Amino acid sequence: MTYNITVLDGDGIGPEICEGAVTVLRAVGKKFGHEFIITHMPIGGRAIDEEGTPLPEKTLKSCLASDSVLLGAVGGPKWDNLSGDARPEAGLLAIRKEMGLFTNIRPAKLWKNLAETSPLKSELVKGGVEITIVRELTGGIYFGRREKGFDEEGREFASDTEKYTREEIERVAKVACELAMKKKKKIISVDKANVLESSRLWRRVVHEYVSENFPEIDVEDMFIDNCAMQIVKNPARFDVVLTSNIFGDILSDEAAEVTGSIGMLASSSLGETKRGLYEPIHGSAPDIAGKDEANPIATILAAGMMLRDSFSLTAEHAAIEAAVQKVLDDGYRTADIMSEGMKKIGCKKMYGLIAHNIER
Ligand code: IPM
Ligand code: MN
């Protein structure tokens with residue numbers, strides 16, 4: 001089969017880690033007899049420099065004409081002083097919105113032989129941790145009304161609005177339910193319903209939707225502040241977590257670190273079709289860009305999720321996961337997951353080894 005993939009390298013370490021994912025895709029293609037046609041397009045800071053906008057028309061067109069999209073990371077100090085809509089991050093938010101990708105799935109698992117890199121005491125993680133965060137991705141405060149200026153008393157102010165509609169909550173709840181049905185039939189729904197009206201709607205709609213459509217699923221509500229604490233206190237009690245855009249953004253960084261490193265966590269963003277956007281959850285790490293120090297694994301795993309979730313290539317997905325586990329078992333580590341007695345390697349060596357394990 002032939003698959004068209006648009007790759008949005010982005011900024012900072014983006015190009016290096018995408019190069020890693022493309023190298024691994026080529027290895028998968030060779031082994032399983034697929035052709036992956038790759039088209040690189042600019043997004044974020046690079047797009048601002050080249051095209052004057054963080055999401056150029058040609059980039060969006062290419063994404064919408066592809067079978068799926070892989071993204072590195074966007075942003076960096078060079079563009080930090082631009083105003084909101086002109087920033088690299090605006091390009092990422094816009095592509096998610098334009099592609100209609102309202103659900104973001106971020107699975108944080110503890111890899112075998114990587115438990116020692118978790119900052120938590122081993123007794124908290126040794127039984128295994130697997131937290132799947134289902135984050136609403138095209139609503140809430142990241143997309144709500146923004147204002148800035150001076151109020152009647154002449155005081156400078158800025159505001160952002162958290163707003164959710166019933167439909168937005170139901171459609172992401174549906175995805176969480178479908179996932180929970182394949183797992184433990186349990187969802188922890190995270191909100192701040194003791195303070196926010198939008199959270200009270202979130203909570204009510206989630207319960208109504210689940211009891212009507214998936215009565216066998218058990219929903220537990222948890223406040224965001226308590227959840228942030230519980231994830232470090234008892235990460236093993238979490239399975240599927242359903243939450244809003246901003247809370248999911250924050251909790252997924254925390255969950256990633258608990259399971260070892262943010263450099264290991266991939267995500268898939270999907271809407272009504274099989275065309276998705278796959279990316280690592282980490283940022284562009286400008287401090288190590290171009291130094292061959294980045295961990296390419298999150299992006300490689302994101303490419304793996306694409307094969308499974310957009311193209312239904314389950315054996316190919318499993319081959320990528322197994323190849324990653326093998327390099328870890330063989331003791332290879334990038335700097336972020338380095339621990340005593342292991343072999344420290346750079347980005348290129350890491351993805352080269354993973355590709356090699358697939359082709360073997
Ligand atoms: C993420 C990132 C983005 C987000 C930024 C770069 C817009 O933090 O994917 O988690 O907030 O969604
Ligand atoms: Mn984030």
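Whatever order the structure lists them in is the order used to number ligands and atoms, beginning at 1. Values in this document were obtained by computation on a predicted structure and should not be read as measured data. Side-chain atoms are counted along with the backbone in the values below, which use heavy atoms only and exclude waters and symmetry mates.
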R145 (side chain) donor-acceptor with D160 (main chain) under 3.5 angstrom: no
Min N/O separation Y142 to ligand 1 under 3.5 Å: no
Identity and distance of the protein heavy atom lying nearest atom 12 (O) of ligand 1: R96 NH1, 2.6 Å
Protein heavy atom at shortest distance from atom 2 (C) of ligand 1: D249 OD1, 4.1 Å
Location of contacts on R87 toward ligand 1, heavy atoms closer than 4.0 Å: neither
Proximity of H282 to ligand 1 by residue part, where a heavy atom lies under 4.0 Å: neither
Hey, is [X] close enough to [Y] for a salt bridge, meaning N to O under 4.0 Å?
| X | Y | value |
| --- | --- | --- |
| E220 | R237 | yes |
| K186 | D239 | no |
| D67 | K274 | no |
| E321 | K109 | yes |

For the Mn ion (ligand 2): the N/O/S atom of D249 at shortest distance: OD1
Option with minimal heavy-atom separation from atom 1 (C) of ligand 1, where the choices are E279, R106, E89: R106
Check: D249/Y142 side-chain N/O donor and acceptor closer than 3.5 Å: yes
